[in-house]
A.B. asks: 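Below you will find the structure I want to go over with you.
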Amino acid sequence: MGKKGKKEKKGRGAEKTAAKMEKKVSKRSRKEETFLYNELYVYNIRKDTWTKVDIPSPPPRRCAHQAVVVPQGGGQLWVFGGEFASPNGEQFYHYKDLWVLHLATKTWEQVKSTGGPSGRSGHRMVAWKRQLILFGGFHESTRDYIYYNDVYAFNLDTFTWSKLSPSGTGPTPRSGCQMSVTPQGGIVVYGGYSKQRVKKDVDKGTRHSDMFLLKPEDGREDKWVWTRMNPSGVKPTPRSGFSVAMAPNHQTLFFGGVCDEEEEESLLGEFFNDLYFYDATRNRWFEGQLKGPKSEKKKRRRGRKEEPEGGSKPACGGAGTQGPVQVVKEVVAEDGTVVTIKQVLTAPGLAGQPRSEDEDSLEEASSPAPGPCPRSNAMLAVKHGVLYVYGGMFEAGDRQVTLSDLHCLDLHRMEAWKALVEMDPETQEWLEETDSEEDSEEVEGAEGGVDDEDSGEESSAED
C-alpha cells in the first residue's frame, strides 16, 4: 500500500475513533442527570437519627450556596445565592436571593434588599458581629464566566447590603476558598479556585494556596483593610473543594478536598480525607494526627491477641483481619441504578498512618479506625468538641459519586473516627467503564450532581 493509501486508512481510523467517542459522550450525557433539592433535615445527636422537616414556602432548589447560623431572633439560618440546573442540564442559572429561616417559629422568609451581590455560586459567607460578610464566588453562562473578589456586608439589624472597599492588596478573584473569623475579630481567606481563558476554547485552572486577613481599620466597621498572611507550620497541599469548621480553642479546621491535574483533554482528581488546623493566634498550620484508641494501645502493650469488640463492623476496627480482603458487591443507587463496587479492606498496619513524634507510642498504638473516605465538598459541624462530617462527593473515572454517610471525631481526644451512618466502606473503588463495545451498555453511575462548590467549577464550571 502506498503512502497515500496509508494516510487515507489512518484518516478513516481517526474519523472512526472520533465518531465512537462522540457517540459515547452523547450516550453518557443522556444518561447522567443532576438533581437539586430544597429539603431541610435535622440530625439529632442524642437519638442518632435524621428527621426531614417540612416548612412551607422554602427557597427554590439549589446548590453551591452559602448558609450561616446566627443567634439573633431565637436563632436564624441565612441562605444566599447558589445555582440551579435542570436534570438534563438544559437550564442553568445563578441566584442572588437572600433567605432566612427563623428557627424559633420554623418559618422561611425571603428578605429583599437592594445593593447586594450579583448572582453567583461558590462564594463564602460568615457571621461577623451583627453582620454577614460575603466574599468572592463565580458566575457562568453558556458563553463566558467570571470570578469575583468583591466583599459585601449585610446588616442583621437594618436588613441592608453595603459593598465594602478594603484598602491594601487582597485576594485575586476566586471561589470555594476558606473563610473564617479569628478570635481577634479579623476574617481569614485562604486558598480557593479560579480559571482563566488562555486561548479560544482553552481554560486554565488555578488552585490558590495564599492567605489574607480582612479586618476593620483602626477599629472602624466602615473601613476595612486587606493584609497578606504567611503562616508557618505544615500547611495543606494545594487543593480546592475542602471543607471548613471552627474547632475548639478558636482554631479553623480544614478537611478533605480535591487536587485536579489538568491534561490536554482530561481532568484527573486526587481526593483527600486529611485534617489540618489553622491557629490564627499563632498564625500557624498544624496537621491533624489521630492517636488511636487507648484500649487498643493497652492490648498491644500486654501482647494480647484479642478479637476487637463489635468486630462485625469493618469500619470500626478490623483488627482481626490478617491481610487485604477484596469484596465485590452491588449497590443500588437512589434512582434504581445497580453499580458494581470493588471493596478492598486492608489490615491494620498496612494502611498509612500519620507518624507520631514519639516513636514508642507509634509502635504501641494500633491503626485508628478508618474515617470518612477521601472526598470534596463535605459538610462539617462541630458540637460539644465533636466534629461531624456528612456527605460530599468523589469521582471515579467519568462518574461523580454523591455520598450520604455521617462520621464523627472527638477533637479533644483525637483518637479515632466513629461511623454514625455508613453508606459504603471507605476503601471502595468504583469499577470504571471500559472502551470495548461489549461494555458500552454497562450500568451508569450513582445519581448525584454537583451539589457543592469547587467540584462543579473544575468539572464543569459548587462553587
A.B. asks: Are there more than 12 heavy atoms of other residues, nucleotides or ligands under 6.0 Å from atom NZ of K235?
C.D. replies: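 Correct, the count exceeds 12.
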
A.B. asks: Is a donor on one side and an acceptor on the other found under 3.5 Å between the side chain of E270 and the backbone of C259?
C.D. replies: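 No, because the side chain of E270 does not come within donor-acceptor range (under 3.5 Å) of the backbone of C259.
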
A.B. asks: Please list, chain by chain and in numerical order, all residues satisfying ring pair (Phe, Tyr, Trp, His ring centres under 6.0 Å) with W128, sequence neighbours excluded.
C.D. replies: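 Partners of W128 under the ring pair (Phe, Tyr, Trp, His ring centres under 6.0 Å) test: W224.
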
A.B. asks: Run the salt bridge (charged side-chain N to carboxylate O under 4.0 Å, His left out) check on E83 and R62 step by step: do they pass?
C.D. replies: CA-CA 5 Å; E83 63 189 47; R62 66 190 65 200; over 6 Å; no

A.B. asks: Looking at F80 versus H123, is the centre-to-centre ring distance below 6.0 Å?
C.D. replies: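 Ring centres of H123 and F80 closer than 6.0 Å.
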
A.B. asks: Is the shortest side-chain heavy-atom distance between S113 and W161 below 4.5 Å?
C.D. replies: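 Answer yes - side chains close enough.
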
A.B. asks: Show me the pairs that pass side-chain hydrogen bond (donor to acceptor under 3.5 Å, both in side chains) and involve residues 241-251, at least two apart or across chains.
C.D. replies: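 Checked against side-chain hydrogen bond (donor to acceptor under 3.5 Å, both in side chains) - neighbours excluded - the pairs reaching residues 241-251 are Q251-D279.
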
A.B. asks: List the steps and the verdict of side chain to side chain donor-acceptor pair (under 3.5 Å) for Y390 and D405.
C.D. replies: CA-CA 6 Å; Y390 170 78; D405 50 351; over 6 Å; no

A.B. asks: Kindly determine whether D54 and K106 satisfy salt bridge (charged side-chain N to carboxylate O under 4.0 Å, His left out), including the steps that lead there.
C.D. replies: CA-CA 9 Å; D54 293 316; K106 291 184 174 58; over 6 Å; no

A.B. asks: Considering all heavy atoms of both residues, which atom of G269 and which atom of V258 are nearest to each other, and what is their separation?
C.D. replies: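 The answer is CA-CG2, 4.0 Å.
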
A.B. asks: Is a side-chain donor or acceptor of T160 paired with a backbone partner of N155 at a separation under 3.5 angstrom?
C.D. replies: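 No, T160 side chain to N155 backbone: no donor-acceptor pair under 3.5 Å.
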
A.B. asks: Could you please spell out the steps behind the ring pair (Phe, Tyr, Trp, His ring centres under 6.0 Å) verdict for F286 and F277?
C.D. replies: CA-CA 5 Å; F286 296 91; F277 295 87; 8.3 Å; no

A.B. asks: For the atom pair OG1 (T252) and CE (M179), what is the distance rounded to the nearest 0.5 Å?
C.D. replies: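 The distance works out to 12.0 Å.
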
A.B. asks: Treating R120 as the side-chain partner and G136 as the backbone partner, does any N or O pair qualify as donor plus acceptor under 3.5 Å?
C.D. replies: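 Present.
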
A.B. asks: Without swapping roles, check the side chain of R375 against the backbone of G391 for a donor-acceptor pair under 3.5 Å.
C.D. replies: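 Looks like yes, one N/O pair under 3.5 Å.
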
A.B. asks: Please report the interatomic distance CG(L275) to CH2(W417), rounded to the nearest 0.5 Å.
C.D. replies: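 It is 5.0 Å, given to the nearest 0.5 Å.
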
A.B. asks: Closer than 4.0 angstrom, basic N to acidic O: yes or no for K129 and E221?
C.D. replies: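 A salt bridge links K129 with E221.
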
A.B. asks: Assess the residue pair F138 and H94 against the criterion (ring pair (Phe, Tyr, Trp, His ring centres under 6.0 Å)); give the C-alpha distance rounded to whole Å, side-chain angles, the decisive distance to 0.1 Å, and a yes or no.
C.D. replies: CA-CA 9 Å; F138 78 100; H94 296 268; 5.6 Å; yes

A.B. asks: Under the side chain to side chain contact (heavy atoms under 4.5 Å, CB included) rule, what do F135 and C177 come out as? Steps first, then yes or no, please.
C.D. replies: CA-CA 9 Å; F135 168 79; C177 56; 3.8 Å; yes

A.B. asks: Mind checking side chain to side chain donor-acceptor pair (under 3.5 Å) for R220 and listing every partner two or more places apart, or none if nothing turns up?
C.D. replies: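 Expected list: D222.
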
A.B. asks: Do we see a donor-acceptor contact under 3.5 Å between the side chains of S86 and Q91?
C.D. replies: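 No pair is found: no donor N or O on one side chain lies under 3.5 Å from an acceptor on the other.
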
A.B. asks: Does any donor atom in the side chain of S232 or R284 lie under 3.5 Å from an acceptor atom in the other side chain?
C.D. replies: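 Yes.
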
A.B. asks: Once rounded to the nearest 0.5 Å, what's the spacing between atom CG of L214 and atom CD1 of I187?
C.D. replies: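 One gets 5.0 Å once the value is rounded to the nearest 0.5 Å.
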
A.B. asks: Consider only side-chain N and O atoms of Y43 and D48, and report whether a donor and an acceptor are under 3.5 Å apart.
C.D. replies: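 Present: a donor and an acceptor within the cut-off.
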
A.B. asks: Mind checking whether W285 and Y276 have parallel, tilted or perpendicular rings, split at 30° and 60°?
C.D. replies: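 If you compare the ring of W285 with that of Y276, the planes turn out perpendicular.
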
A.B. asks: May I ask you to establish whether K195 and Y145 are in a cation-pi arrangement, using a distance under 6.0 Å from NZ or CZ to the six-membered ring centre and at most 45° from the ring axis?
C.D. replies: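 That pair qualifies as a cation-pi contact.
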
A.B. asks: Does F154 form a ring pair (Phe, Tyr, Trp, His ring centres under 6.0 Å) with W78? I'd like the steps, not just the answer.
C.D. replies: CA-CA 11 Å; F154 180 79; W78 288 85; 5.2 Å; yes

A.B. asks: Looking only at side-chain N and O atoms, does T237 offer a donor or acceptor that is under 3.5 Å from a partner on R239?
C.D. replies: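 Yes, a side-chain donor-acceptor pair sits under 3.5 Å.
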
A.B. asks: Can you check ring pair (Phe, Tyr, Trp, His ring centres under 6.0 Å) on H208 and Y190, steps first, answer last?
C.D. replies: CA-CA 8 Å; H208 300 280; Y190 168 77; over 10 Å; no

A.B. asks: Mark yes or no for whether D410, through its side chain, and V386, through its backbone, hold a donor-acceptor pair below 3.5 Å.
C.D. replies: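 Checked: no pair found.
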
A.B. asks: Is there a donor-acceptor pair closer than 3.5 Å between any side-chain N or O of R228 and the backbone N or O of G170?
C.D. replies: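 No, because the side chain of R228 does not come within donor-acceptor range (under 3.5 Å) of the backbone of G170.
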
